[in-house]
Amino acid sequence: MLKKIIKIYKSTVYVLQNLNSKKVNDKVNRLSFEKILSISMLGKVKNNMSPSGLLSQTPRKSLPDFETEGTSLLGCACMGDKTPGAVSGFDRLNNPALNKSLAFSINERQLLGIHGLLPPVVKTQNEQIKHCKLRLDRLNDPLDKYIYLMDLLDFNEKLLYAFVKNHIQETMPLLYTPTVGSACQKWGFIYRRPRGVYITMYDKGHVYEVLKNWPECDVRVIVVTDGERILGLGDQGACGMGIPVGKLALYTAIAGIKPHFCLPITIDVGTNNECHIKDPLYPGIKEKRRTGKEYDELIDEFMKGVVQRWGSHCLVQFEDFGNKNAFRFLEKYRNYFCMFNDDIQGTASVVLAGLIAAMRITKNKLIDHVILFQGAGEANIGIANLCVLAMMTDENITEEKAREKIWMVDSKGLIVKSRNELEIQKRPFAKDHEALKDLLDVVKKVKPTILVGAAAVPGSFTPEILQEMARNNERPIVFALSNPTCKAECTPQQAYEETKGKVIYASGSPFPPVTYNNQTFITGQGNNAYIFPAIGLATMCAGIPNLSDDYFFIAAEALANQVKESYLEEGCIYPPIDMLPECSIKVASTVVEYAYKRGSATVLPEPSDKEKFVRAQLYRTEYEPAIPSFYEVPLGDQKNI
Ligand SMILES: O=C([O-])CC(=O)C(=O)O
Ligand SMILES: [Mg+2]
């Protein structure tokens, strides 16, 4: 498979490079020429804009009107990678990147001049982790637990990440969906310390200066939102900052990307959320959301500012933008910047991985299925386009044939050609069919084998719909992707009960195990957390300049390969959550391997063992010595001092 997609890619580049030359006809036979072009043109519509951008491989053009400061160390302070001795002992206690709290040894305390500033006991990190667990267990409200974890992050970074690594299952739903959703809604209330950068409309013309205020000079990944569509919770304005903060915490916790490489950014252009505007604690600009030219110019300025400040290899992950802007910006920037849209491409990849794994249960291929998408927003359009790419690559079929397998319903009903106005990204999926409004009617008519929901309409997979899916299929596949938990289309319990245990189910947010017919099933979480940290890690390790959709396809296959038979037997089409770090390393290593094979990696020389290379880059949660080792003279039994 890897070979095949590389071949397609290489030939595509070749064809595009030689489009005007006679060489094309000599070297590429007619058939493969058409196939390559059809794949690279996938999703293209009349005005020559590709909503999917599949295999869009235009080399990144340099933007003429600005220079790159890159990762120069000149003129800026660096918080993250401090050499021992560069920070005073007292400052270490207040610097979360260097603080070890009670784990400073007596030697360290004496030599750093902080002896007496801590209680005399010396603890190991493991003892500290146990203490954290006691503290967390004492709290009942998930939001309080979130606040505790964030406080720990502000106090002792390594301890937070060591704790999370040890308790992934328990802490993921706090740092991430669903609790991060409540954290966003109450961001003004829970706000304590600054984390990340806020850029507002009023910074227009000075965005680079604002970015310069961030003290880290080696930022490698940014997650940016404008807060317009936070999870399935709508416009949260500046409170959306919880999402970049949460996603980047996962970058470190899951993919081992060093914390000082990560920068959360919120672009505050106002909010249309009246509750926030009326809330005295709202921390953002209390104005209606700005749109149009001035908004676009601000985002342009931001993208250029990032390259100017941190170089063109700084990855920018777009997160939770409104539908229209998400697609627009992906198309606008994908060939010029190192960027991707997680809600479109990351979610597509994780769902495709789940489908590939599910095919091992249904014992057939994607092409044998009929997929019905409820909702035609970022997630579902992204998934649909990646499924088309997968079918074309695996089955040698045309784009049209692949699209025939895909049906979509949006808020107006089935997407049909007779509709008057249809957004550009939906057009390729419109069917020659009578208009149907109701999802149940569509399920009855279309008889999907796979039903994917991502429209944030809770309960939209009604008992009747689930029963109909079970009537038509031996093993119906149902993805209830909307986040957070309260937005899910149906719970796994409902899916199991209404389909009499036949369903293959995945959700976007975590659910507890399901008991049906005296059997316990652990359902999978089809969340982009399985993909974006790995993609970020791979991008950094290989120096991938542009992330086209084939990377997300490769990542999906690599993730599906991590799904063991035993997980499938338990009803789970994803690896368990506590396997996330290990899975991410495997996925990242495969993507790195692919980047070198297709000739896009820029980190040279090419490492021979990609996985070993990836592992060598990871953040270590173990404490480093705070003093050079030759100072470590025995001081007797430290506990008795
Ligand atoms: O954050 C998550 O859990 C997944 C996601 O990107 C979204 O729902 O927007
Ligand atoms: Mg998102």
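Below, each value reflects all heavy atoms present in this structure, side chains not excepted, and no hydrogens, waters or symmetry copies. Just follow the structure's listing: the first ligand is 1, and inside any ligand the first atom is 1.
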**Request:** For ligand 1, indicate whether the residue N528 contacts it via side chain, backbone, both or neither (heavy-atom separation under 4.0 Å).
**Result:**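 For N528, only side-chain atoms sit under 4.0 Å from ligand 1.
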**Asked** Taking the non-hydrogen atoms of E319, is any one of them nearer than 4.0 angstrom to ligand 1?
**Response**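 Per 4.0 Å heavy-atom rule, E319 contacts ligand 1.
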**Request:** Give the ring-plane orientation class for F321 versus F329, where under 30° counts as parallel, over 60° as perpendicular and anything between as tilted.
**Result:**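 Judged by the thresholds at 30° and 60°, the geometry between F321 and F329 is perpendicular.
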**Prompt:** Taking N323 for the side chain and G377 for the main chain, is one N or O donor matched with an acceptor at less than 3.5 Å?
**Reply:**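 The answer is no, because no donor-acceptor pair under 3.5 Å joins these two groups.
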**Asked** Quick one: does R403's side chain have a donor or acceptor within less than 3.5 Å of a partner on K405's backbone?
**Response**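 Answer holds: no.
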**Atoms in ligand 1 flagged as close to T177, the criterion being non-hydrogen separation under 4.0 Å** =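 Here the atoms of ligand 1 in question are 3 (O).
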**Message:** Could you tell me, atom by atom, which parts of ligand 1 come under 4.0 Å of a heavy atom of R229?
**Reply:**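 Result: 9 (O).
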**Prompt:** For atom CZ of F189, is the number of surrounding heavy atoms from other residues, nucleotides or ligands below 6.0 Å larger than 12?
**Reply:**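 Result for CZ/F189: open.
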**Message:** If you count every heavy atom of other residues, nucleotides or ligands that lies below 6.0 Å from K288 atom NZ, does the total exceed 12?
**Reply:**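 Count over threshold, so yes.
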**Prompt:** Between D226 and R290, is there a salt bridge with N-O shorter than 4.0 Å?
**Reply:**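 Salt bridge absent between R290 and D226.
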**Item:** Chi angles and distances behind the salt bridge (Lys or Arg N to Asp or Glu O under 4.0 Å) call for R193, D151
**Value:** CA-CA 9 Å; R193 271 182 67 150; D151 282 351; over 6 Å; no
**Request:** Tell me yes or no: between the side chains of K165 and T621, is some donor less than 3.5 Å from an acceptor?
**Result:**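 T621 and K165 do have a side-chain donor-acceptor pair below 3.5 Å.
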**Request:** Classify the side-chain pair Y176/K247 by whether it contains a donor and acceptor separated by less than 3.5 Å.
**Result:**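 The answer is yes; a qualifying pair exists.
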**Request:** Examine T347 against ligand 1 and note whether any of their N/O atoms are separated by less than 3.5 Å.
**Result:**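 So ligand 1 has no N or O lying under 3.5 Å from an N or O of T347.
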**Request:** May I ask you to check whether N483 has an N/O atom sitting below 3.5 Å from an N/O atom of ligand 1?
**Result:**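 Min N/O separation from ligand 1 is below 3.5 Å for N483.
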**Prompt:** Can you tell me the angle formed at the Mg ion (ligand 2) by OD1 of D343 and OD1 of D320, to 10°?
**Reply:**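 It rounds to 90°.
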For [atom], which protein heavy atom lies nearest, and how many Å away is it?
atom: atom 3 (O) of ligand 1; answer: N527 ND2, 2.9 Å
atom: atom 2 (C) of ligand 1; answer: Y176 OH, 3.2 Å
atom: atom 1 (O) of ligand 1; answer: K247 NZ, 3.1 Å

**Message:** For the Mg ion (ligand 2), give me the closest N/O/S atom belonging to E319, just the atom name.
**Reply:**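 Relative to the Mg ion (ligand 2), the closest nitrogen, oxygen or sulfur of E319 carries the name OE2.
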**Shortest reach to atom 9 (O) of ligand 1 by a heavy atom, considering only D320, V350, D342** =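 It is D320 that holds the nearest heavy atom.
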**Request:** Indicate if the distance from the Mg ion (ligand 2) to the nearest N, O or S atom of D342 falls below 2.8 Å.
**Result:**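 Not a single backbone or side-chain N, O or S atom of D342 is under 2.8 Å from the Mg ion (ligand 2).
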